[in-house]
Amino acid sequence: MRRFLPSTLALAVALSGALASCASVPPLEDDALGFVVPNIADESRRESAVFRLENVLVSTQTDPESHAFQRFWASYLLAELHSAAASAPFLTEPPPASALVYASSGATPSRTAHLVAAIDHASRARHLFPRIANRPVPAELESLTTEDVQANLDLLVATGLARLGFQTEGGTILANAPKLLDPDQCRTELARLALREDLVPWVFVLASDTLRKTDELRAYRFAVIAIESGALPAETVERLETWILTGASVQFVCPRSQTAYLPGQRKSPISGVAHRDYVAVPRR
Amino acid sequence: MAMPRCCTSLRTLSVRSSAALRVTSLLLLAAGWTACASPARGIVSSPPGFGGFPTRSSDAELWAEAVLYTDHADRLGADLAGARVLPVALRVGTITAPPNAEERFALRPETLDARLFLQDGTVLEWTRPDAVPARGRVRNAATNRGLALSLVPTWENAEEGFLFFTLPPGVDVKSHYALTARNGVYREVDLNHSLLCFRVETPEGTREIKVGVRAEAYGGSR
């Protein structure tokens with residue numbers, strides 16, 4: 001397949017490209033993007049931005065070698081757009097069967113469809129990254145460094161997997177980022193990377209999951225920070241609290257009053273010590 | 001309780017090489033569409049370097065495995081391509097052992113809400129086996145081999161059954177590839193990178209389960 005597909009793909013795409021001449025763009029030899037960088041935060045224009053960036057991928061398909069720079073950045077931005085759109089979806093899926101009992105509703109917004117697409121585009125960008133690693137970041141995105149871009153791609157995939165419920169796999173990606181696994185440095189590092197605010201609690205979840213086998217106290221602290229963000233689905237909070245209360249090999253208690261972690265609280269009702277400052281003691 | 005033997009019961013065959021000719025026709029078909037359809041732009045191919053979604057379920061109490069048999073006609077005894085239906089084999093079982101574990105979870109047609117998410121965000125909707133648009137042998141194959149929607153057994157006792165997904169207009173499948181069309185952009189997607197979602201009834205309500213799909217050729221033994 002690896003020997004065969006490129007030639008068949010090239011043949012089909014060449015034919016396709018020839019027939020759709022409006023799609024072709026001249027090779028861009030320099031480090032110019034050749035397209036407008038969308039404002040990811042502009043919810044009302046995300047769908048049209050996705051449309052435009054997909055066209056960049058299509059129009060550069062016939063000569064991907066010459067357009068690796070443009071294809072990388074289009075894929076990166078598509079991943080960002082779909083990741084953001086998961087919170088305000090424009091892709092749809094059929095309504096749940098229970099909804100049809102009450103009304104003949106049409107398609108419903110699909111968070112999952114956006115997360116799947118985000119991981120897909122981020123994967124393309126990660127594949128292309130070595131090709132652009134030594135080239136400067138486009139002027140339109142000059143607030144980022146090349147290293148930041150790579151870290152952001154990893155986080156887009158990791159948080160995407162976590163948001164789909166695959167925390168373990170997402171945590172594996174995080175395992176090579178020591179600053180993100182340190183509760184004292186994580187938030188600063190995420191701010192430096194300018195990670196979207198709604199993804200930050202998911203990094204805490206992933207860090208907690210990743211650390212469970214090696215450092216339960218740090219895993220606990222990340223779990224508490226994640227829970228206290230108030231931005232996670234109920235089932236994720238429940239899963240984190242279940243691990244704190246019964247899953248960990250140690251017990252987390254207030255260093256002064258010895259009171260145990262209490263779901264729904266932020267501090268010890270006796271001493272006032274914050275949950276995140278609790279210590280680990282042998283389970284009684 | 002033994003963990004499921006993920007990926008060991010069937011030997012993955014070299015589906016990629018056998019699929020090459022099919023992909024050729026699929027892509028040439030796309031090129032033809034490009035000439036006829038409006039607006040028409042071209043193909044975005046599947047990204048290399050992506051291994052697909054985890055082929056274990058996202059749930060701690062239930063194990064699920066989803067397999068797309070690229071030569072499903074051998075296994076089902078009928079080719080469902082003409083009915084524009086994509087069959088995906090699913091096996092679901094409990095992997096924890098609380099009292100009456102096998103009575104805690106149930107799959108019900110009213111609440112299953114199965115969806116197949118292709119890697120570009122295209123969604124395929126589940127159709128009941130008795131609603132597969134076909135007759136005779138094909139309909140019988142669908143109804144006889146559909147996933148049993150009842151209480152979820154333990155993993156050891158769980159049997160594989162098929163979920164059938166309707167191919168909407170603009171989506172065509174060959175082997176483990178699909179071609180999707182949205183906004184005039186055709187995308188070649190690898191079905192190995194698909195995500196299957198469905199809901200299970202629990203005493204506390206329904207719970208969504210997600211599992212990555214893996215494509216295999218049916219080797220004739222299991």
Side-chain angles (χ1 to χ4, degrees), chain A residues 1-5 7-9 11-20 22-23 50-51 54-55 57-59 61-62 64 75 82 91-98 101 107 110 112-128 157 161 164-169 235 239, chain B residues 14-21 23-24 26-35 40-51 53-54 57-60 109-113 115 117-123 125 182-183 185-189 193-195 197 199 206-210 212:
Chain A
M1 182 68 168
R2 284 192 178 151
R3 281 176 290 149
F4 192 73
L5 180 57
S7 60
T8 57
L9 187 63
L11 174 65
V13 172
L15 178 55
S16 165
L19 293 168
C22 61
V50 165
F51 182 69
E54 283 191 338
N55 278 342
L57 293 180
V58 168
S59 61
Q61 180 87 30
T62 51
S75 299
H82 277 294
L91 293 179
T92 59
E93 62 181 278
S98 56
V101 174
S110 179
T112 302
H114 281 291
L115 291 174
V116 168
I119 292 170
D120 177 49
H121 288 297
S123 300
R124 177 184 293 101
R126 290 171 96 195
H127 177 73
L128 290 169
V157 174
L161 288 169
L164 287 170
F166 298 110
Q167 280 89 0
T168 304
E169 288 75 9
E235 61 266 25
R239 193 177 62 78
Chain B
S14 178
V15 291
R16 294 180 190 278
S17 59
S18 66
L21 284 172
V23 174
T24 310
L26 190 69
L27 294 172
L28 288 171
L29 176 64
W33 282 345
T34 310
R41 276 169 287 275
I43 300 171
V44 179
S45 63
S46 186
F50 176 43
F53 292 96
S57 78
S58 58
D59 196 89
E110 306 81 40
T111 53
L112 187 69
D113 283 333
R115 307 270 185 271
F117 291 87
L118 307 187
Q119 69 186 97
D120 67 339
T122 299
V123 189
E125 185 177 14
R182 190 168 62 233
N183 293 333
V185 174
Y186 295 95
R187 296 205 62 188
E188 170 227 343
V189 301
H193 300 171
S194 305
L195 182 70
C197 301
R199 300 196 78 86
T206 64
R207 183 192 297 179
E208 189 173 59
I209 310 292
K210 297 187 178 82

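Chain A is the first sequence line, chain B the second, and so forth, proteins listed ahead of strands; every chain is numbered from 1. These numbers were taken from a predicted model, which means no experiment stands behind them.
- The aromatic rings of His82(A) and His114(A) sit tilted, their planes meeting at an angle between 30° and 60°.
- Between chain B and the options Pro94(A), Ala113(A), Ala125(A), Pro64(A), heavy-atom pairs under 4.5 Å are most frequent for Pro94(A).
- The parts of Leu164(A) that come within reach of chain B are both its backbone and its side chain, each placing non-hydrogen atoms under 4.5 angstrom from that chain.
- Smallest separation of non-hydrogen atoms from Pro95(A) and Ala107(A): CD-CA, 4.1 Å.
- Between the side chains of Arg124(A) and His121(A), at least one donor N or O sits under 3.5 Å from an acceptor N or O.
- Interface residue Leu161(A): only side-chain heavy atoms are found under 4.5 Å from chain B.
- Within the 4.5 angstrom heavy-atom criterion, only backbone atoms of Thr92(A) (N, CA, C, O) approach chain B.
- Thr122(B) pairs by the side-chain hydrogen bond (donor to acceptor under 3.5 Å, both in side chains) definition with Asp120(B), not counting sequence neighbours.
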Could you please spell out the steps behind the side-chain contact (heavy atoms from CB on, under 4.5 Å) verdict for Asp59(B) and Arg207(B)?
CA-CA 9 Å; Asp59(B) 196 89; Arg207(B) 183 192 297 179; 2.9 Å; yes
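- Ranking Glu208(B), Arg187(B), Arg199(B) against chain A, the residue ahead of the rest is Arg187(B), based on heavy-atom pairs under 4.5 Å.
- Across Cys197(B), Ser57(B), Pro54(B), a single residue satisfies side chain to side chain contact (heavy atoms under 4.5 Å, CB included) together with Lys210(B), and that is Cys197(B).
- If you measure heavy-atom distances from Leu118(B) to chain A, the contacts under 4.5 Å come from the backbone alone.
- For a residue to count as touching a neighbouring chain, one of its non-hydrogen atoms must lie under 4.5 Å from one of that chain's; by this rule Ile119(A) touches chain B with the side chain only.
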